[in-house]
> 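After the C-alpha coordinates below, expect a handful of questions from me.
Heavy atoms only: backbone and side chains are in, while hydrogens, waters and symmetry mates are out. Residues take their numbers from the sequence shown, with the count starting at 1. First listed ligand is number 1; within each ligand, the first listed atom is number 1.
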Amino acid sequence: MPKIIVVGGGWSGCAAALSAAKAGAEVLLLERTDMLLGTGLVGGIFRNNGRYTAAEESIAMGGGDFFTAMDQNSRHECINFPGHKHASLYDVSKMEPIIKNILKSYGVCIKTKTRVNHIVKYARNLKSVIIDGGDELEADVFVDATGTAGPMGNCLEYGNGCSMCILRCPSFGPRVSICHKAGVNEFFGHKADGSIGAMSGSCKINKDSLSDEVREELDREGVVILKVPEKIKRTSSLNKKACSQYALPEFADNLILLDTGHAKLMTSYFPIEDLRTIKGLEKARYEDPYAGGIGNSVRYLGIAPSNHCLLVNGLENVFCAGEKSAILVGHTEAIITGLLAGNNAVRCALDMKYLELPRTVAVGDFIAFVHEKMLETDGLKLRYTFSGSVYFERMQVSGLYSVNDLEIKARIKENNLTDIYNTCLV
Ligand SMILES: Cc1cc2nc3c(=O)[nH]c(=O)nc-3n(C[C@H](O)[C@H](O)[C@H](O)COP(=O)(O)OP(=O)(O)OC[C@H]3O[C@@H](n4cnc5c(N)ncnc54)[C@H](O)[C@@H]3O)c2cc1C
(Lines give C-alpha, C1' and ligand atoms only; values in the text may rest on other atoms or scores of the structure.)
Protein backbone atom coordinates (compact mmCIF):
# COMPACT_ATOMS: atom_id res chain seq x y z
CA MET A 1 0.00 0.00 0.00
CA PRO A 2 1.53 3.38 -0.95
CA LYS A 3 2.29 5.63 1.99
CA ILE A 4 1.47 9.33 1.66
CA ILE A 5 2.30 12.07 4.16
CA VAL A 6 0.26 15.26 3.93
CA VAL A 7 1.80 18.21 5.77
CA GLY A 8 -0.68 20.88 6.85
CA GLY A 9 -4.26 20.18 7.92
CA GLY A 10 -6.10 23.18 6.42
CA TRP A 11 -8.92 22.54 3.94
CA SER A 12 -6.40 21.64 1.21
CA GLY A 13 -4.47 19.17 3.36
CA CYS A 14 -7.69 17.57 4.60
CA ALA A 15 -8.89 17.20 1.00
CA ALA A 16 -5.55 15.75 -0.11
CA ALA A 17 -5.67 13.24 2.75
CA LEU A 18 -9.26 12.33 1.86
CA SER A 19 -8.60 11.72 -1.82
CA ALA A 20 -5.35 9.83 -1.19
CA ALA A 21 -7.19 7.56 1.27
CA LYS A 22 -10.05 7.05 -1.18
CA ALA A 23 -7.51 6.15 -3.86
CA GLY A 24 -6.22 3.39 -1.58
CA ALA A 25 -3.19 4.85 0.21
CA GLU A 26 -2.11 4.70 3.83
CA VAL A 27 -2.30 8.38 4.79
CA LEU A 28 -0.68 10.32 7.61
CA LEU A 29 -1.90 13.91 8.02
CA LEU A 30 0.35 16.19 10.09
CA GLU A 31 -0.94 19.48 11.51
CA ARG A 32 1.07 21.86 13.68
CA THR A 33 -1.87 23.24 15.73
CA ASP A 34 -4.37 21.34 17.84
CA MET A 35 -7.17 21.56 15.24
CA LEU A 36 -7.63 20.85 11.55
CA LEU A 37 -8.98 23.34 8.96
CA GLY A 38 -6.35 26.09 9.34
CA THR A 39 -7.82 29.40 8.18
CA GLY A 40 -11.04 27.47 7.47
CA LEU A 41 -11.67 27.62 11.21
CA VAL A 42 -12.68 31.25 10.75
CA GLY A 43 -14.04 31.39 7.17
CA GLY A 44 -17.41 29.86 6.39
CA ILE A 45 -18.59 31.27 3.04
CA PHE A 46 -19.01 28.74 0.23
CA ARG A 47 -21.22 28.07 -2.80
CA ASN A 48 -21.14 31.83 -3.59
CA ASN A 49 -21.01 32.64 -7.32
CA GLY A 50 -18.76 30.19 -9.21
CA ARG A 51 -17.94 28.24 -6.06
CA TYR A 52 -21.34 26.60 -6.49
CA THR A 53 -20.20 25.12 -9.82
CA ALA A 54 -16.85 23.98 -8.42
CA ALA A 55 -18.54 22.29 -5.44
CA GLU A 56 -21.00 20.45 -7.68
CA GLU A 57 -18.26 19.38 -10.09
CA SER A 58 -16.30 17.96 -7.15
CA ILE A 59 -19.38 16.11 -5.89
CA ALA A 60 -19.91 14.59 -9.35
CA MET A 61 -16.24 13.57 -9.38
CA GLY A 62 -16.68 11.63 -6.13
CA GLY A 63 -14.89 14.20 -3.97
CA GLY A 64 -17.97 15.75 -2.40
CA ASP A 65 -17.69 14.50 1.19
CA PHE A 66 -16.61 17.88 2.61
CA PHE A 67 -19.12 19.91 0.60
CA THR A 68 -21.92 17.63 1.78
CA ALA A 69 -20.69 18.06 5.38
CA MET A 70 -20.55 21.86 4.94
CA ASP A 71 -24.10 21.83 3.53
CA GLN A 72 -25.31 19.81 6.50
CA ASN A 73 -23.54 22.21 8.91
CA SER A 74 -24.78 25.41 7.23
CA ARG A 75 -26.36 28.16 9.27
CA HIS A 76 -27.72 29.82 6.13
CA GLU A 77 -28.16 28.71 2.53
CA CYS A 78 -28.66 30.60 -0.71
CA ILE A 79 -28.19 34.12 0.68
CA ASN A 80 -27.17 37.15 -1.35
CA PHE A 81 -24.92 40.04 -0.35
CA PRO A 82 -23.19 42.70 -2.49
CA GLY A 83 -21.45 41.05 -5.48
CA HIS A 84 -22.35 37.55 -4.25
CA LYS A 85 -25.26 35.25 -5.00
CA HIS A 86 -26.52 31.97 -3.53
CA ALA A 87 -23.90 31.80 -0.76
CA SER A 88 -24.03 29.26 2.04
CA LEU A 89 -22.42 29.88 5.43
CA TYR A 90 -21.12 26.94 7.41
CA ASP A 91 -20.96 27.16 11.18
CA VAL A 92 -17.25 27.73 11.86
CA SER A 93 -17.58 26.76 15.50
CA LYS A 94 -18.77 23.21 14.67
CA MET A 95 -17.04 22.28 11.41
CA GLU A 96 -13.67 20.94 12.60
CA PRO A 97 -14.70 17.78 14.51
CA ILE A 98 -17.06 16.86 11.66
CA ILE A 99 -14.19 16.88 9.16
CA LYS A 100 -11.90 15.05 11.57
CA ASN A 101 -14.48 12.27 11.88
CA ILE A 102 -14.90 11.98 8.11
CA LEU A 103 -11.14 11.60 7.68
CA LYS A 104 -10.96 9.01 10.45
CA SER A 105 -13.79 7.07 8.83
CA TYR A 106 -11.59 6.72 5.73
CA GLY A 107 -8.68 5.47 7.86
CA VAL A 108 -6.57 8.65 7.72
CA CYS A 109 -4.14 8.80 10.64
CA ILE A 110 -4.21 12.37 12.01
CA LYS A 111 -1.46 13.82 14.15
CA THR A 112 -2.14 17.31 15.49
CA LYS A 113 0.40 19.36 17.50
CA THR A 114 2.92 17.90 15.05
CA ARG A 115 4.95 20.47 13.19
CA VAL A 116 7.34 19.48 10.41
CA ASN A 117 10.50 21.55 10.71
CA HIS A 118 12.83 19.82 8.29
CA ILE A 119 13.09 17.29 5.50
CA VAL A 120 15.53 14.64 4.29
CA LYS A 121 16.02 14.64 0.54
CA TYR A 122 17.94 12.51 -1.95
CA ALA A 123 18.37 13.83 -5.48
CA ARG A 124 14.91 15.13 -6.53
CA ASN A 125 12.98 13.05 -4.01
CA LEU A 126 11.94 13.56 -0.41
CA LYS A 127 12.77 10.61 1.80
CA SER A 128 11.23 11.84 5.03
CA VAL A 129 10.07 14.79 7.10
CA ILE A 130 11.37 15.64 10.56
CA ILE A 131 8.96 16.88 13.19
CA ASP A 132 9.54 19.00 16.31
CA GLY A 133 11.17 16.70 18.83
CA GLY A 134 13.33 15.09 16.13
CA ASP A 135 11.31 12.06 14.93
CA GLU A 136 11.78 11.24 11.25
CA LEU A 137 8.69 10.12 9.29
CA GLU A 138 9.12 8.38 5.92
CA ALA A 139 6.68 8.08 3.03
CA ASP A 140 6.63 7.31 -0.70
CA VAL A 141 5.07 10.62 -1.67
CA PHE A 142 4.37 13.91 0.14
CA VAL A 143 1.85 16.72 -0.19
CA ASP A 144 2.83 20.20 0.97
CA ALA A 145 -0.39 21.88 2.14
CA THR A 146 1.21 24.25 4.62
CA GLY A 147 -0.57 27.39 3.37
CA THR A 148 0.94 30.84 2.99
CA ALA A 149 -0.13 32.71 6.13
CA GLY A 150 2.29 34.33 8.53
CA PRO A 151 4.28 33.48 10.58
CA MET A 152 4.67 36.42 12.99
CA GLY A 153 7.85 37.87 11.47
CA ASN A 154 6.11 38.12 8.08
CA CYS A 155 2.98 39.68 9.60
CA LEU A 156 5.27 42.24 11.20
CA GLU A 157 7.28 42.92 8.06
CA TYR A 158 4.43 42.94 5.53
CA GLY A 159 1.41 43.79 7.72
CA ASN A 160 0.61 45.48 11.02
CA GLY A 161 2.27 42.91 13.27
CA CYS A 162 0.91 39.70 14.78
CA SER A 163 -2.87 40.07 14.99
CA MET A 164 -3.27 36.94 17.14
CA CYS A 165 -5.12 34.99 14.48
CA ILE A 166 -6.45 31.44 14.52
CA LEU A 167 -3.10 30.01 13.36
CA ARG A 168 -1.69 30.82 16.81
CA CYS A 169 2.02 30.91 15.85
CA PRO A 170 3.19 31.86 19.38
CA SER A 171 1.62 28.67 20.76
CA PHE A 172 2.36 26.14 18.01
CA GLY A 173 5.42 27.52 16.26
CA PRO A 174 5.75 29.19 12.88
CA ARG A 175 4.54 27.78 9.58
CA VAL A 176 7.32 25.84 7.85
CA SER A 177 7.18 25.22 4.10
CA ILE A 178 8.24 21.75 2.98
CA CYS A 179 8.97 22.93 -0.55
CA HIS A 180 11.18 25.74 0.70
CA LYS A 181 13.09 23.28 2.89
CA ALA A 182 13.55 21.08 -0.20
CA GLY A 183 15.24 23.98 -1.99
CA VAL A 184 12.31 25.01 -4.20
CA ASN A 185 12.34 28.68 -5.20
CA GLU A 186 8.99 29.90 -3.96
CA PHE A 187 7.30 33.13 -5.03
CA PHE A 188 5.15 35.70 -3.25
CA GLY A 189 1.84 37.34 -4.04
CA HIS A 190 1.91 41.13 -4.34
CA LYS A 191 -0.48 43.93 -3.46
CA ALA A 192 -1.65 46.40 -6.11
CA ASP A 193 1.20 48.77 -5.19
CA GLY A 194 3.76 45.99 -5.70
CA SER A 195 4.48 45.35 -2.01
CA ILE A 196 4.54 41.77 -0.79
CA GLY A 197 1.66 39.68 0.60
CA ALA A 198 -1.98 40.55 1.23
CA MET A 199 -3.95 41.03 4.40
CA SER A 200 -6.77 38.59 5.14
CA GLY A 201 -10.05 40.23 4.18
CA SER A 202 -12.41 39.53 7.07
CA CYS A 203 -12.54 39.40 10.85
CA LYS A 204 -15.06 38.16 13.39
CA ILE A 205 -16.97 39.99 16.10
CA ASN A 206 -18.27 38.13 19.10
CA LYS A 207 -22.02 37.81 18.41
CA ASP A 208 -22.94 38.29 22.06
CA SER A 209 -21.31 41.73 21.96
CA LEU A 210 -23.79 42.96 19.30
CA SER A 211 -27.05 44.71 20.20
CA ASP A 212 -30.07 42.37 20.42
CA GLU A 213 -31.52 43.97 17.31
CA VAL A 214 -28.45 43.40 15.11
CA ARG A 215 -27.87 39.90 16.49
CA GLU A 216 -31.46 38.84 15.91
CA GLU A 217 -31.43 40.14 12.33
CA LEU A 218 -28.14 38.34 11.70
CA ASP A 219 -29.52 35.07 13.08
CA ARG A 220 -32.66 35.41 11.00
CA GLU A 221 -31.29 36.70 7.66
CA GLY A 222 -27.65 35.55 7.71
CA VAL A 223 -26.55 39.00 6.59
CA VAL A 224 -26.78 42.51 8.07
CA ILE A 225 -25.63 45.62 6.20
CA LEU A 226 -24.82 48.72 8.28
CA LYS A 227 -23.97 52.07 6.71
CA VAL A 228 -20.48 53.33 7.60
CA PRO A 229 -20.57 57.01 8.64
CA GLU A 230 -18.57 59.20 6.24
CA LYS A 231 -16.07 60.26 8.92
CA ILE A 232 -14.82 56.69 9.53
CA LYS A 233 -14.80 55.31 5.96
CA ARG A 234 -11.61 53.49 4.90
CA THR A 235 -11.55 52.96 1.11
CA SER A 236 -7.75 52.79 1.01
CA SER A 237 -7.71 49.37 2.67
CA LEU A 238 -9.60 47.67 -0.19
CA ASN A 239 -6.60 47.13 -2.46
CA LYS A 240 -4.59 45.49 0.31
CA LYS A 241 -7.13 42.70 0.83
CA ALA A 242 -6.40 39.05 0.17
CA CYS A 243 -9.93 38.60 -1.15
CA SER A 244 -10.27 40.72 -4.28
CA GLN A 245 -13.83 39.38 -4.69
CA TYR A 246 -14.75 41.69 -1.79
CA ALA A 247 -12.70 44.69 -2.90
CA LEU A 248 -15.88 46.45 -4.06
CA PRO A 249 -17.01 49.98 -3.02
CA GLU A 250 -20.06 48.46 -1.24
CA PHE A 251 -17.63 46.87 1.23
CA ALA A 252 -16.12 50.28 2.10
CA ASP A 253 -19.44 52.17 2.23
CA ASN A 254 -21.07 49.56 4.46
CA LEU A 255 -20.17 47.16 7.20
CA ILE A 256 -21.33 43.78 5.96
CA LEU A 257 -21.87 41.20 8.68
CA LEU A 258 -22.43 37.51 7.91
CA ASP A 259 -23.59 34.86 10.35
CA THR A 260 -20.97 32.09 10.39
CA GLY A 261 -21.51 31.34 14.08
CA HIS A 262 -19.59 34.51 14.87
CA ALA A 263 -20.45 37.79 13.20
CA LYS A 264 -18.09 37.76 10.21
CA LEU A 265 -17.18 41.36 9.37
CA MET A 266 -16.22 41.65 5.71
CA THR A 267 -13.23 43.92 6.12
CA SER A 268 -9.61 43.13 7.04
CA TYR A 269 -9.75 45.04 10.31
CA PHE A 270 -11.52 48.04 11.76
CA PRO A 271 -10.44 50.24 14.68
CA ILE A 272 -12.56 49.17 17.64
CA GLU A 273 -13.24 52.73 18.76
CA ASP A 274 -14.68 53.54 15.27
CA LEU A 275 -16.65 50.30 15.19
CA ARG A 276 -18.31 51.20 18.46
CA THR A 277 -19.63 54.49 17.05
CA ILE A 278 -21.99 52.49 14.80
CA LYS A 279 -25.51 51.81 16.10
CA GLY A 280 -25.79 48.24 17.37
CA LEU A 281 -22.02 47.78 17.71
CA GLU A 282 -21.48 49.98 20.78
CA LYS A 283 -20.13 47.02 22.80
CA ALA A 284 -18.48 45.14 19.92
CA ARG A 285 -15.34 43.09 20.60
CA TYR A 286 -13.25 40.92 18.34
CA GLU A 287 -13.35 37.13 18.33
CA ASP A 288 -10.81 36.65 15.51
CA PRO A 289 -8.20 37.91 15.16
CA TYR A 290 -8.03 39.08 18.73
CA ALA A 291 -6.26 42.24 17.55
CA GLY A 292 -8.84 42.82 14.76
CA GLY A 293 -8.86 46.51 15.71
CA ILE A 294 -5.38 46.97 14.25
CA GLY A 295 -4.71 44.29 11.65
CA ASN A 296 -5.07 40.78 10.30
CA SER A 297 -2.87 37.91 9.12
CA VAL A 298 -0.74 38.36 6.01
CA ARG A 299 -0.93 35.66 3.33
CA TYR A 300 0.53 34.63 -0.05
CA LEU A 301 4.04 34.39 1.33
CA GLY A 302 5.63 31.29 -0.15
CA ILE A 303 3.84 29.73 -3.13
CA ALA A 304 5.44 26.70 -4.77
CA PRO A 305 5.70 26.56 -8.57
CA SER A 306 3.95 23.44 -9.86
CA ASN A 307 2.45 21.96 -13.03
CA HIS A 308 -1.28 21.52 -13.65
CA CYS A 309 -1.15 18.09 -11.93
CA LEU A 310 0.23 19.97 -8.87
CA LEU A 311 3.59 18.20 -8.93
CA VAL A 312 6.10 20.69 -7.51
CA ASN A 313 8.69 21.89 -10.05
CA GLY A 314 12.10 20.31 -9.49
CA LEU A 315 10.82 17.51 -7.22
CA GLU A 316 9.62 14.03 -8.19
CA ASN A 317 7.50 12.97 -5.23
CA VAL A 318 6.09 16.18 -3.76
CA PHE A 319 2.71 17.67 -4.70
CA CYS A 320 1.26 20.91 -3.39
CA ALA A 321 -2.28 22.07 -2.70
CA GLY A 322 -4.31 25.06 -1.56
CA GLU A 323 -2.67 28.45 -1.21
CA LYS A 324 0.70 26.69 -1.44
CA SER A 325 -0.10 25.80 -5.06
CA ALA A 326 -1.25 29.20 -6.40
CA ILE A 327 -2.50 32.66 -5.44
CA LEU A 328 -5.94 31.25 -4.84
CA VAL A 329 -8.45 32.32 -2.22
CA GLY A 330 -11.00 30.10 -0.59
CA HIS A 331 -12.04 26.85 1.03
CA THR A 332 -13.53 25.56 -2.22
CA GLU A 333 -10.35 26.43 -4.11
CA ALA A 334 -8.26 24.72 -1.41
CA ILE A 335 -10.44 21.60 -1.52
CA ILE A 336 -10.41 21.18 -5.30
CA THR A 337 -6.61 21.44 -5.45
CA GLY A 338 -6.27 19.15 -2.40
CA LEU A 339 -8.42 16.48 -4.04
CA LEU A 340 -6.24 16.55 -7.16
CA ALA A 341 -2.92 16.59 -5.24
CA GLY A 342 -3.97 13.63 -3.05
CA ASN A 343 -5.09 11.57 -6.03
CA ASN A 344 -1.91 12.33 -7.97
CA ALA A 345 0.23 11.52 -4.94
CA VAL A 346 -1.15 7.96 -5.09
CA ARG A 347 -0.66 7.79 -8.85
CA CYS A 348 2.95 8.90 -8.32
CA ALA A 349 3.56 6.14 -5.76
CA LEU A 350 2.05 3.57 -8.17
CA ASP A 351 3.94 4.93 -11.19
CA MET A 352 0.66 5.72 -12.95
CA LYS A 353 -0.10 8.52 -15.40
CA TYR A 354 -1.05 11.69 -13.49
CA LEU A 355 -4.54 13.12 -13.59
CA GLU A 356 -4.71 16.52 -15.30
CA LEU A 357 -8.18 18.03 -15.18
CA PRO A 358 -9.33 19.24 -18.61
CA ARG A 359 -10.14 22.90 -19.28
CA THR A 360 -13.66 21.91 -20.26
CA VAL A 361 -14.52 21.69 -16.54
CA ALA A 362 -14.30 24.71 -14.23
CA VAL A 363 -11.94 23.06 -11.73
CA GLY A 364 -9.46 22.15 -14.49
CA ASP A 365 -9.69 25.51 -16.21
CA PHE A 366 -9.19 27.30 -12.89
CA ILE A 367 -5.94 25.50 -12.03
CA ALA A 368 -4.48 26.01 -15.52
CA PHE A 369 -5.63 29.65 -15.71
CA VAL A 370 -4.15 30.61 -12.34
CA HIS A 371 -0.83 28.96 -13.17
CA GLU A 372 -0.68 30.84 -16.47
CA LYS A 373 -1.70 34.19 -15.00
CA MET A 374 0.95 33.95 -12.29
CA LEU A 375 3.63 33.97 -15.00
CA GLU A 376 2.41 37.37 -16.28
CA THR A 377 3.98 40.56 -14.92
CA ASP A 378 0.90 41.74 -13.06
CA GLY A 379 -0.50 38.27 -12.43
CA LEU A 380 1.01 38.12 -8.95
CA LYS A 381 -1.04 41.18 -7.96
CA LEU A 382 -4.34 39.42 -8.58
CA ARG A 383 -6.13 36.82 -6.42
CA TYR A 384 -7.93 33.94 -8.06
CA THR A 385 -11.24 32.54 -6.90
CA PHE A 386 -14.41 31.05 -8.36
CA SER A 387 -16.35 33.64 -6.36
CA GLY A 388 -15.29 36.91 -7.99
CA SER A 389 -12.62 38.97 -9.70
CA VAL A 390 -11.00 37.82 -12.95
CA TYR A 391 -11.75 34.14 -12.71
CA PHE A 392 -15.48 34.46 -12.03
CA GLU A 393 -15.67 36.90 -14.95
CA ARG A 394 -13.96 34.30 -17.11
CA MET A 395 -16.32 31.53 -15.95
CA GLN A 396 -19.34 33.60 -16.95
CA VAL A 397 -17.94 34.48 -20.38
CA SER A 398 -16.79 30.92 -21.15
CA GLY A 399 -20.04 29.32 -20.01
CA LEU A 400 -18.34 27.28 -17.28
CA TYR A 401 -20.41 28.98 -14.56
CA SER A 402 -23.58 27.02 -13.90
CA VAL A 403 -25.97 26.45 -11.02
CA ASN A 404 -27.76 23.65 -12.83
CA ASP A 405 -26.74 20.45 -11.03
CA LEU A 406 -27.82 18.17 -13.90
CA GLU A 407 -25.85 20.20 -16.43
CA ILE A 408 -22.77 20.08 -14.18
CA LYS A 409 -23.11 16.31 -13.71
CA ALA A 410 -23.43 15.83 -17.46
CA ARG A 411 -20.32 17.95 -18.05
CA ILE A 412 -18.30 15.78 -15.66
CA LYS A 413 -19.62 12.62 -17.34
CA GLU A 414 -18.74 13.90 -20.83
CA ASN A 415 -15.18 14.38 -19.59
CA ASN A 416 -15.02 10.83 -18.14
CA LEU A 417 -14.48 12.19 -14.65
CA THR A 418 -17.54 10.80 -12.87
CA ASP A 419 -16.49 9.32 -9.51
CA ILE A 420 -12.80 9.61 -10.40
CA TYR A 421 -12.02 10.47 -6.76
CA ASN A 422 -14.08 7.50 -5.54
CA THR A 423 -12.00 5.02 -7.49
CA CYS A 424 -9.44 2.92 -5.62
CA LEU A 425 -6.21 2.90 -7.64
CA VAL A 426 -4.38 0.22 -5.66
C1 LIG B 1 -9.79 35.42 8.31
C2 LIG B 1 -10.03 34.60 7.06
C3 LIG B 1 -11.34 34.42 6.60
C4 LIG B 1 -11.59 33.67 5.45
N5 LIG B 1 -12.87 33.47 5.04
C6 LIG B 1 -13.13 32.66 3.99
C7 LIG B 1 -14.48 32.32 3.64
O8 LIG B 1 -15.43 32.72 4.29
N9 LIG B 1 -14.68 31.50 2.57
C10 LIG B 1 -13.63 31.01 1.83
O11 LIG B 1 -13.86 30.26 0.88
N12 LIG B 1 -12.34 31.32 2.15
C13 LIG B 1 -12.07 32.12 3.21
N14 LIG B 1 -10.78 32.41 3.56
C15 LIG B 1 -9.66 31.87 2.73
C16 LIG B 1 -9.49 30.39 2.99
O17 LIG B 1 -9.61 30.13 4.38
C18 LIG B 1 -8.13 29.90 2.50
O19 LIG B 1 -7.85 30.39 1.21
C20 LIG B 1 -8.06 28.38 2.45
O21 LIG B 1 -8.83 27.78 3.45
C22 LIG B 1 -6.60 28.00 2.54
O23 LIG B 1 -6.46 26.64 2.85
P24 LIG B 1 -5.01 25.97 2.87
O25 LIG B 1 -5.23 24.56 3.28
O26 LIG B 1 -4.33 26.21 1.57
O27 LIG B 1 -4.15 26.78 3.93
P28 LIG B 1 -4.33 27.06 5.49
O29 LIG B 1 -5.75 27.21 5.86
O30 LIG B 1 -3.40 28.18 5.79
O31 LIG B 1 -3.80 25.73 6.18
C32 LIG B 1 -2.43 25.41 6.27
C33 LIG B 1 -2.26 24.52 7.47
O34 LIG B 1 -0.94 24.03 7.50
C35 LIG B 1 -0.48 24.02 8.84
N36 LIG B 1 0.99 24.03 8.79
C37 LIG B 1 1.80 25.01 8.32
N38 LIG B 1 3.09 24.64 8.40
C39 LIG B 1 3.09 23.38 8.93
C40 LIG B 1 4.13 22.48 9.25
N41 LIG B 1 5.40 22.75 8.98
N42 LIG B 1 3.80 21.28 9.82
C43 LIG B 1 2.48 20.96 10.03
N44 LIG B 1 1.47 21.81 9.75
C45 LIG B 1 1.76 23.00 9.19
C46 LIG B 1 -1.11 25.26 9.44
O47 LIG B 1 -1.17 25.18 10.84
C48 LIG B 1 -2.49 25.25 8.79
O49 LIG B 1 -3.44 24.54 9.55
C50 LIG B 1 -10.49 33.11 4.74
C51 LIG B 1 -9.19 33.28 5.20
C52 LIG B 1 -8.96 33.99 6.36
C53 LIG B 1 -7.57 34.11 6.88
Side-chain angles (χ1 to χ4, degrees), residues 5-16 29-48 51 54-55 70 84 87-90 92 96 111-119 129-132 143-151 163 165-169 171-181 198-204 241-243 245-246 258 260 262 264-269 287-289 292 296-303 320-335 337-338 341 383-388:
I5 289 184
V6 178
V7 185
W11 273 120
S12 68
C14 289
L29 173 60
L30 306 176
E31 164 56 40
R32 58 179 259 287
T33 74
D34 55 356
M35 286 189 280
L36 298 179
L37 295 192
T39 56
L41 285 165
V42 290
I45 308 172
F46 69 111
R47 289 196 178 270
N48 48 328
R51 285 178 180 157
M70 286 162 150
H84 295 260
S88 290
L89 306 175
Y90 69 72
V92 293
E96 195 263 354
K111 283 189 190 294
T112 52
K113 292 185 275 181
T114 304
R115 189 179 71 123
V116 172
N117 63 31
H118 233 296
I119 55 119
V129 291
I130 297 172
I131 58 173
D132 284 344
V143 178
D144 183 342
T146 53
T148 63
S163 61
C165 77
I166 192 67
L167 292 175
R168 296 164 291 160
C169 302
S171 312
F172 296 103
R175 166 177 64 85
V176 174
S177 162
I178 306 317
C179 292
H180 176 70
K181 288 282 173 192
M199 198 173 272
S200 295
S202 67
C203 45
K204 273 107 249 141
K241 288 178 80 156
C243 318
Q245 71 271 30
Y246 307 123
L258 299 176
T260 58
H262 305 305
K264 182 176 170 94
L265 173 58
M266 300 300 289
T267 184
S268 295
Y269 64 96
E287 188 69 33
D288 169 80
N296 209 325
S297 54
V298 176
R299 313 216 307 277
Y300 305 107
L301 306 167
I303 298 157
C320 58
E323 290 185 4
K324 191 85 224 164
S325 64
I327 313 181
L328 53 79
V329 188
H331 312 327
T332 306
E333 292 75 357
I335 292 171
T337 51
R383 314 280 168 260
Y384 303 91
T385 161
F386 296 106
S387 71

> Is it the case that the side chains of Lys324 and Ser177 hold a donor-acceptor pair, with the cut-off being a distance below 3.5 Å and no angle test?
yes
> Lys204 heavy atoms, cut-off 4.0 Å: which ligand 1 atoms fall inside?
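What qualifies from ligand 1 is 1 (C).
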> Do Arg383 and Tyr300 form a cation-pi contact, if we require the NZ or CZ to be under 6.0 Å from the six-membered ring centre and within 45 degrees of the ring's axis?
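Verdict for Tyr300: a cation-pi partner in Arg383.
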> Let me check something: any side-chain donor-acceptor pairs from residues 40-47 under 3.5 Å, sequence neighbours excluded? List them with distances.
{"unit_1": "Arg47", "atom_1": "NE", "unit_2": "Asp71", "atom_2": "OD1", "d": "2.9"}
{"unit_1": "Arg47", "atom_1": "NH1", "unit_2": "Glu56", "atom_2": "OE2", "d": "2.9"}
{"unit_1": "Arg47", "atom_1": "NH2", "unit_2": "Glu56", "atom_2": "OE2", "d": "3.1"}
{"unit_1": "Arg47", "atom_1": "NH2", "unit_2": "Asp71", "atom_2": "OD2", "d": "2.9"}

> Does an N or O anywhere in Thr39 fall below 3.5 Å from an N or O of ligand 1?
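Yes, since at least one N or O of Thr39 sits under 3.5 Å from an N or O of ligand 1.
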> Which atoms of ligand 1 have any heavy atom of Trp11 under 4.0 Å away?
21 (O), 25 (O)
> Regarding ligand 1, does Val329 bring an N or O atom to under 3.5 Å of one of the ligand's N or O atoms?
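No, since none of the N or O atoms of Val329 sits under 3.5 Å from an N or O of ligand 1.
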> Could you state the interatomic distance from OG (Ser202) to CG (Asp288), rounded to the nearest 0.5 Å?
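Between atom OG of Ser202 and atom CG of Asp288 there are 8.0 Å.
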> Can you list the ligand 1 atoms lying under 4.0 Å from a non-hydrogen atom of Thr33?
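Those qualifying, in numeric order: 47 (O).
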> Run down the list Arg175, Glu323, Arg32, Arg299 and name the one with the heavy atom closest to atom 36 (N) of ligand 1.
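Shortest heavy-atom distance from atom 36 (N) of ligand 1: Arg32.
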> Which atoms form the tightest heavy-atom contact between Met266 and Leu258, and what is the distance?
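Closest approach of Met266 to Leu258, heavy atoms only: SD-CD1, 3.7 Å.
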> Relative to the heavy atoms of Val7, which atoms of ligand 1 are at a distance of less than 4.0 Å?
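Taking each heavy atom of Val7 in turn, ligand 1 has 40 (C), 42 (N), 43 (C) under 4.0 Å.
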> Counting from 1, what ligand 1 atoms have a heavy atom of Ser200 closer than 4.0 Å?
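Counting atoms of ligand 1 from 1, those under 4.0 Å from Ser200 are 53 (C).
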> Can you tell which of Lys324, Glu31, Arg51 gets a heavy atom nearest to atom 46 (C) of ligand 1?
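When every heavy atom of Lys324, Glu31, Arg51 is considered, Glu31 comes closest to atom 46 (C) of ligand 1.
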> Looking only at non-hydrogen atoms, which of Val42, Thr146, Ile166, Asp34 approaches atom 37 (C) of ligand 1 most closely?
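The nearest heavy atom belongs to Thr146.
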> Could you list the atoms of ligand 1 found under 4.0 angstrom from a heavy atom of Ala145?
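With Ala145 as reference, the close atoms of ligand 1 come out as 32 (C), 33 (C), 34 (O).
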> Hey, are the side chains of Leu167 and Thr39 touching, using non-hydrogen atoms and a 4.5 Å cut-off?
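Yes - at least one pair of side-chain heavy atoms lies under 4.5 Å apart.
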> Of all the atoms in ligand 1, which lie at a distance below 4.0 Å from a heavy atom belonging to Gly10?
25 (O), 31 (O), 33 (C), 49 (O)
> Taking distance alone, with N or O pairs closer than 3.5 Å, would you say Tyr300 contacts ligand 1?
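By distance alone, the answer is no.
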> Could you check whether Ser297 and Ser200, counting side-chain N and O atoms only, form a donor-acceptor pair closer than 3.5 Å?
yes
> Examine ligand 1 and decide if any of its atoms is less than 4.0 Å from a heavy atom belonging to Thr385.
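No; Thr385 lies far enough from ligand 1 that no heavy-atom distance drops under 4.0 Å.
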> Any idea which of Val116, Ile45, Val92 brings a heavy atom closest to atom 41 (N) of ligand 1?
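It is Val116 whose heavy atom sits nearest to atom 41 (N) of ligand 1.
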> Heavy-atom distance to atom 38 (N) of ligand 1: which of Val176, Leu37, Asn117 wins?
Val176
> Counting each atom of ligand 1 from 1 as listed, which ones have a heavy atom of Leu30 under 4.0 Å away?
43 (C), 44 (N)
> Tell me the contacting part of Ala334 for ligand 1: side chain, backbone, both, or neither, using a 4.0 Å heavy-atom threshold, strictly below.
side chain
